[in-house]
There are 2 protein chains.
Amino acid sequence: MKENYKLPCNIAQTLNIVGDRWTLLILHEILVGASTFNEIKKGLTGISSNLLSDRLKYLEQSELVSVSLYSEHPPRYSYSLTESGKELEPVFHSLLIWGRNNLDKCYKKLVHEACNHEVEQTFYCAHCDTSVEEEDLVVLPVEEEVSSRA
Amino acid sequence: MKENYKLPCNIAQTLNIVGDRWTLLILHEILVGASTFNEIKKGLTGISSNLLSDRLKYLEQSELVSVSLYSEHPPRYSYSLTESGKELEPVFHSLLIWGRNNLDKCYKKLVHEACNHEVEQTFYCAHCDTSVEEEDLVVLPVEEEVSSRA
DNA sequence: TCTACTAGGTTGATTTTTTGAACTTAGTGT
DNA sequence: ACACTAAGTTCAAAAAATCAACCTAGTAGA
């Protein structure tokens, strides 16, 4: 396995998997419905076949994408996201919202289906059953889960 | 300006700014407190001086980072995030949470400071004053804001 | 049957990015 | 005077991405 960033940080390690050029966009394309090689390629103007092919292989190996052969003769493949892949949705949403608020030209917005109004991101603490603001969050080291169970 | 991805998509356009190798990690490093060139460089094992220098210039030009000369003689600069830069915090949080749930080896977790329990991401609709689940969200095109004000 | 076309890629050359190491300039500390 | 730090710059080499052409297998039409 390649090891781009050698930093003891979730973000760096996550970016080692999804941070390469085109990778997040490929995953997003599959998330929004593209399922065959050419559908993905058509959705991503400018990507080359060999790169898409390489990335799909890497993503399959990383278990973010699963591939199924839906026709043996001729061979036809269908790409879909695994659970891990689907869990990237909040990442896409946060990038979309950032773009909405900060890009000169933005294309999409994220709305509450029921009322058609735009939403914000927040955090929820299941333990306190309350919503938590950015400023009440802390990033803590994970120490092999010793103390958190005691 | 460079134009990597030519796609009509917030995510692609956002990644045109922050999607280059090392860029998100540089922003994150500044977010968590690094302020001088060498502090940033020390936090990011493996980055080379010229790349860090290039990225900082690009980020300044993109108005995600602001630079101030805090000593004229010798010249010493201090880097900090602009409002746009700080708004990337939810992106970092969502990457951190993804890593927490999906990496083999993870280093950090995001907790509610008051109770020390981990939080989840949700969305909040100000109009309905309610929290909205992933499945009740839709991505809609932004059309020069004609209909949404009427 | 011949031709064109689609899906799903592979191959190889060229170009662009990154890395890596050395060097610079200006000042500090001993 | 000498070593050392901050904040970079310069240039060569290596790695990654782009681009265009090619390939295999099948399908559709004339």
Side-chain angles (χ1 to χ4, degrees), chain A residues 1-7 12 15-30 33-62 65-80, chain B residues 1-7 12 15-30 33-62 65-80:
Chain A
M1 206 216 279
K2 86 192 133 97
E3 178 131 335
N4 288 321
Y5 305 120
K6 304 182 218 303
L7 301 169
L15 291 175
N16 271 342
I17 303 174
V18 301
D20 288 336
R21 187 150 161 66
W22 292 107
T23 299
L24 275 173
L25 295 178
I26 293 168
L27 291 164
H28 183 248
E29 205 59 26
I30 300 174
S35 70
T36 68
F37 189 91
N38 280 320
E39 274 170 23
I40 300 169
K41 192 168 188 312
K42 267 169 204 142
L44 299 176
T45 313
I47 197 174
S48 57
S49 298
N50 55 352
L51 192 73
L52 178 54
S53 178
D54 290 353
R55 290 289 191 269
L56 287 170
K57 275 171 203 154
Y58 182 71
L59 289 170
E60 186 188 5
Q61 182 196 305
S62 307
V65 162
S66 67
V67 185
S68 62
L69 186 75
Y70 68 83
S71 154
E72 194 128 5
H73 237 63
R76 291 289 177 270
Y77 300 94
S78 159
Y79 298 90
S80 58
Chain B
M1 208 217 279
K2 85 194 133 101
E3 178 130 335
N4 288 320
Y5 306 120
K6 305 182 218 303
L7 301 170
L15 290 176
N16 272 341
I17 303 174
V18 300
D20 288 335
R21 186 150 163 69
W22 291 107
T23 299
L24 275 174
L25 295 177
I26 292 167
L27 291 164
H28 184 248
E29 204 60 26
I30 300 175
S35 72
T36 67
F37 190 92
N38 279 320
E39 274 170 23
I40 300 168
K41 193 167 187 309
K42 268 170 204 141
L44 300 175
T45 313
I47 198 174
S48 57
S49 299
N50 57 349
L51 193 75
L52 178 54
S53 177
D54 290 353
R55 290 289 192 270
L56 286 170
K57 275 171 201 153
Y58 182 72
L59 288 170
E60 184 187 7
Q61 182 196 305
S62 306
V65 162
S66 67
V67 185
S68 61
L69 185 74
Y70 68 83
S71 153
E72 195 128 3
H73 236 64
R76 290 290 179 269
Y77 299 94
S78 159
Y79 298 90
S80 58

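So you know, we letter chains A, B, ... as the sequences are listed, proteins then strands, and number each from 1. Below, all heavy atoms of this structure are taken into account, side chains as well, without hydrogens, waters or symmetry copies. None of these values were measured; they are calculated from a predicted model.
- For the residue pair B:Tyr77 and B:Tyr70, the shortest heavy atom distance occurs at O-CE2, 3.4 Å.
- Taking 4.0 angstrom as the limit, A:Lys57 places none of its side-chain polar atoms (N or O) nearer than this to OP1 or OP2 of C:dG8.
- A side-chain donor-acceptor contact under 3.5 Å links A:Ser62 to the backbone of A:Tyr58.
- Distances shown here put every side-chain N or O of A:Trp22 at or beyond 4.0 Å from the OP1 or OP2 atom of D:dA16.
- For the pair A:Thr23 and A:Ile17, the tightest heavy-atom approach, listed with the atom from each and the gap, is CG2-O, 3.8 Å.
- Put simply, the side chain of A:Asn50 and the base of C:dG12 share a donor and an acceptor less than 3.5 Å apart.
- The main-chain N or O of B:Trp22 is found under 3.5 Å from a side-chain atom of A:Tyr5 such that the two form a donor-acceptor pair.
- Rounded to whole Å, the distance from CG on A:Asp54 to P on C:dT10 is 8 Å.
- Dashed line: the shortest gap from a side-chain N or O of B:Tyr70 to OP1 or OP2 of D:dA7 is under 4.0 Å.
- Shown for residues 33-48 of chain B: residues whose heavy atoms fall under 4.0 angstrom of DNA chain C, namely B:Ser48.
- Not one side-chain nitrogen or oxygen of B:Tyr5 sits closer than 4.0 Å to the OP1 or OP2 atom of D:dT18.
- Atom CG in B:Asp20 sits about 15 Å away from atom P in C:dT16, given to the nearest Å.
- Contact check, A:Tyr58 against D:dA16: no side-chain N or O comes under 4.0 Å of OP1 or OP2.
- Note: CG (A:Leu15) to P (C:dT18) measures 14 Å, nearest angstrom.
- With no hydrogens or angles considered, a side-chain donor-acceptor pair links A:Asn50 and A:Ser48 at under 3.5 Å.
- The phosphate of D:dT9 has OP1 or OP2 within less than 4.0 Å of a side-chain N or O from B:Ser53.
- Separating the CG atom of A:Leu52 from the C1' atom of C:dT10 is a distance of 13 Å, rounded to the nearest angstrom.
- A pairwise comparison of heavy atoms in B:Lys41 and B:Ile47 identifies NZ-O, 3.7 Å as the closest pair.
- Between the P atom of C:dA26 and the CZ atom of B:Arg76 lies a distance of 12 Å, rounded to the nearest Å.
- Nearest to the side chain of A:Ser49, among C:dT10, C:dG8, C:dT18, sits C:dT10.
- The interatomic distance linking A:Leu51 (CG) with D:dA20 (P) rounds to 15 Å, in whole Å.
- When the nucleotides D:dA17, D:dA7, C:dG9 are ranked by their closest atom to the side chain of A:Arg55, D:dA17 comes out on top.
- Panel note: side chain A:Arg21, backbone B:Arg21; no donor-acceptor pair is recorded below 3.5 Å.
- Proximity of B:Arg21 to the phosphate of C:dT19: a side-chain N or O atom is located under 4.0 Å from OP1 or OP2.
- Across the protein-nucleic acid pair, A:Leu56 atom CG and C:dG8 atom C1' stand 11 Å apart, rounded to whole Å.
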